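Numbering of ligands and ligand atoms starts at 1, following listing order. Owing to the predicted nature of the structure, the values given are computational and were not obtained by experimental measurement.
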Amino acid sequence: MTKSKSSSGWMQRHLTDQYVQQAQRDGYRSRASYKLLEIQARDRLIKPGMSVIDLGSAPGGWCQVIADIVGIKGRVVAVDLLQMDPVADVEFIQGDFTEDKILERMLALFENSRADLVVSDMAPNISGIKSSDTTKSIYLAELGLDLCERLLEPGGAFLVKVFQGEGFDQFLKDMKTVFIKVSTRKPKASRPKSREMYLLGTGYRG
Ligand code: SAM
């Protein structure tokens with residue numbers, strides 16, 4: 001291994017440890033909390049009193065951050081395939097968001113209201129086959145975008161994780177038709193070697 005490769009491997013492990021240890025100290029359930037906190041520090045997406053949907057929420061690191069900020073006047077509805085230990089003041093649906101019945105449950109919870117923000121940290125189980133992982137990631141992102149078109153308040157925002165690769169450019173185009181502004185974010189807690197990045201759509205056209 002070349003020196004630069006070995007030192008970047010060291011740096012990656014170092015960063016991983018840093019965020020894992022920090023999460024333990026700060027009482028967050030996952031190191032993912034720091035990705036959202038960094039985006040929040042820059043973009044001020046989440047505000048007190050907001051209604052937020054968190055797709056792919058387990059184990060609950062993002063839910064903790066969101067629930068803290070929206071406070072008791074806000075609302076957080078989360079969904080994940082996996083079981084998630086309760087987070088105070090978060091409504092949780094356990095199930096596969098690709099299934100119609102889970103979408104229907106979400107729509108029923110917002111029968112007479114809309115969300116101000118949708119966040120999606122959903123990621124497929126990584127198979128290691130790049131093209132297949134990317135296709136699945138883009139599909140999950142598309143489902144999130146579809147939800148925005150059903151439930152988001154005009155002017156609202158969507159933060160979504162996507163893997164770069166085939167289908168990414170088309171998804172970016174789709175985001176641009178739905179939101180006035182679309183930006184990319186790669187927070188420091190996102191492993192540098194990972195192809196994951198976040199797209200942030202603001203100003204939902206409605
Ligand atoms: N944001 C979370 C946190 O802060 O703790 C971490 C999310 S983790 C990176 C990705 C999550 O997406 C996993 O918990 C996984 O179960 C979920 N997921 C993947 N596919 C899903 C699907 N089809 N429906 C619901 N959740 C899904």
Side-chain angles (χ1 to χ4, degrees), residues 15-16 18-41 43 45-46 52-70 76-107 109 115 117-129 132-148 150-151 157-164 167 171 185-200:
L15 285 174
T16 305
Q18 179 198 323
Y19 289 113
V20 169
Q21 287 167 9
Q22 202 175 335
Q24 283 166 354
R25 279 198 302 274
D26 294 346
Y28 287 122
R29 294 180 183 185
S30 69
R31 66 190 297 291
S33 293
Y34 298 99
K35 301 179 191 175
L36 184 60
L37 284 167
E38 185 181 325
I39 294 169
Q40 171 68 7
D43 297 292
L45 282 181
I46 314 159
V52 182
I53 296 173
D54 181 0
L55 304 174
S57 59
W62 282 26
C63 278
Q64 290 176 292
V65 171
I66 298 163
D68 267 359
I69 300 173
V70 300
V76 188
V77 178
V79 60
D80 203 289
L81 274 174
L82 305 175
Q83 187 266 337
M84 183 175 86
D85 288 343
V87 177
D89 303 316
V90 172
E91 299 161 69
F92 178 62
I93 302 168
Q94 183 177 0
D96 185 342
F97 192 63
T98 65
E99 290 179 7
D100 285 346
K101 67 174 185 201
I102 300 301
L103 173 66
E104 295 303 328
R105 280 178 64 187
M106 178 68 80
L107 296 177
L109 285 178
L117 171 67
V118 174
V119 296
S120 173
D121 200 21
M122 282 192 290
N125 279 331
I126 303 297
S127 68
I129 303 165
S132 150
D133 293 339
T134 305
T135 303
K136 287 180 191 158
S137 158
I138 300 277
Y139 178 54
L140 293 172
E142 280 168 350
L143 292 179
L145 184 59
D146 176 66
L147 184 72
C148 290
R150 292 163 184 258
L151 283 188
F158 179 39
L159 175 69
V160 58
K161 169 150 78 186
V162 267
F163 293 173
Q164 287 160 287
F171 181 68
R185 297 285 179 262
K186 177 79 178 172
K188 288 192 191 80
S190 175
R191 293 182 173 93
K193 279 189 181 168
S194 158
R195 286 182 301 123
E196 79 171 19
M197 61 178 299
Y198 292 85
L199 289 179
L200 171 60

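Atom NZ of Lys186 sits about 8.0 Å away from atom CE of Met197, to the nearest 0.5 Å. For the atom pair CD (Glu196) and CD1 (Ile126), the distance works out to 9.0 Å, reported to the nearest 0.5 Å. We find the OG-CD distance between Ser33 and Gln64 to be 5.5 Å, quoted to the nearest 0.5 Å. To the nearest 0.5 Å, the span separating CG on Leu36 from SG on Cys63 amounts to 10.0 Å. A distance of 10.5 Å separates OG1 in Thr98 from CG in Leu103, rounded to the nearest 0.5 Å.
In the vicinity of Pro59, heavy-atom distances shorter than 4.0 Å reach the ligand 1 atoms 5 (O). Each of the atoms 14 (O), 16 (O) of ligand 1 lies under 4.0 Å from some heavy atom of Leu82. With ligand atoms numbered from 1 in the order given, ligand 1 contributes 20 (N), 23 (N) to contacts under 4.0 Å with heavy atoms of Leu140. Within ligand 1, the atoms closer than 4.0 Å to a non-hydrogen atom of Thr98 are 23 (N), numbered from 1 in the order shown. Applying the 4.0 Å criterion to heavy atoms of Gly95 picks out, from ligand 1, the atoms 24 (N), 25 (C).
With a heavy-atom cut-off of 4.0 Å, Ser30 touches ligand 1 through its side chain alone. Heavy atoms of Ser57 found under 4.0 angstrom from ligand 1 belong exclusively to the backbone. Contacts with ligand 1 closer than 4.0 Å are made by no heavy atom of Asn125, backbone or side chain.
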- Message: Pair Phe97, Leu140 - check side-chain contact (heavy atoms from CB on, under 4.5 Å), show working.
- Response: CA-CA 8 Å; Phe97 192 63; Leu140 293 172; 5.8 Å; no
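When only non-hydrogen protein atoms are considered, atom 6 (C) of ligand 1 lies nearest to Ala58 O, 3.2 Å. Protein heavy atom at the shortest distance from atom 24 (N) of ligand 1 is Phe97 N, 2.9 Å. The shortest contact between atom 23 (N) of ligand 1 and any protein heavy atom is with Asp96 OD1, 2.8 Å. Here the heavy atom of the protein found nearest to atom 9 (C) of ligand 1 is Lys161 NZ, 3.6 Å. Shortest contact from atom 27 (C) of ligand 1 to any protein heavy atom: Leu81 CG, 3.8 Å. Here the heavy atom of the protein found nearest to atom 19 (C) of ligand 1 is Ala123 O, 3.1 Å. Shortest contact from atom 10 (C) of ligand 1 to any protein heavy atom: Asp121 O, 3.3 Å. Summary of contacts: the protein heavy atom closest to atom 11 (C) of ligand 1 is Asp80 OD2, 3.5 Å.
Across every non-hydrogen atom of Tyr28 and Gly61, the tightest pair is CD2-O, 4.4 Å. Listed here is the closest heavy atom pair of Tyr19 and Ala189: CE1-CA, 3.5 Å.
Close N/O approach between Gly61 and ligand 1 is found [any backbone or side-chain N/O within under 3.5 Å]. Ligand 1 has an N or O atom lying under 3.5 Å from an N or O atom of Gly60, backbone or side chain.
Between Asp85 and Arg29 there is no salt bridge, since no side-chain nitrogen of the basic residue lies less than 4.0 Å from a carboxylate oxygen of the acidic one.
In this structure, of Met122, Lys35, Arg29, Gln64, the residue bringing a heavy atom nearest to atom 12 (O) of ligand 1 is Met122.
No side-chain heavy atom of Leu143 sits less than 4.5 Å from a side-chain heavy atom of Leu55. Using a 4.5 Å cut-off on side-chain heavy atoms (C-beta onward), Leu159 and Asp43 make no contact.
A donor-acceptor contact shorter than 3.5 Å is absent between the side chain of Tyr198 and the backbone of Ile39.
Residue contacts with ligand 1 leave out Cys63, since none of its heavy atoms falls under 4.0 Å from the ligand.
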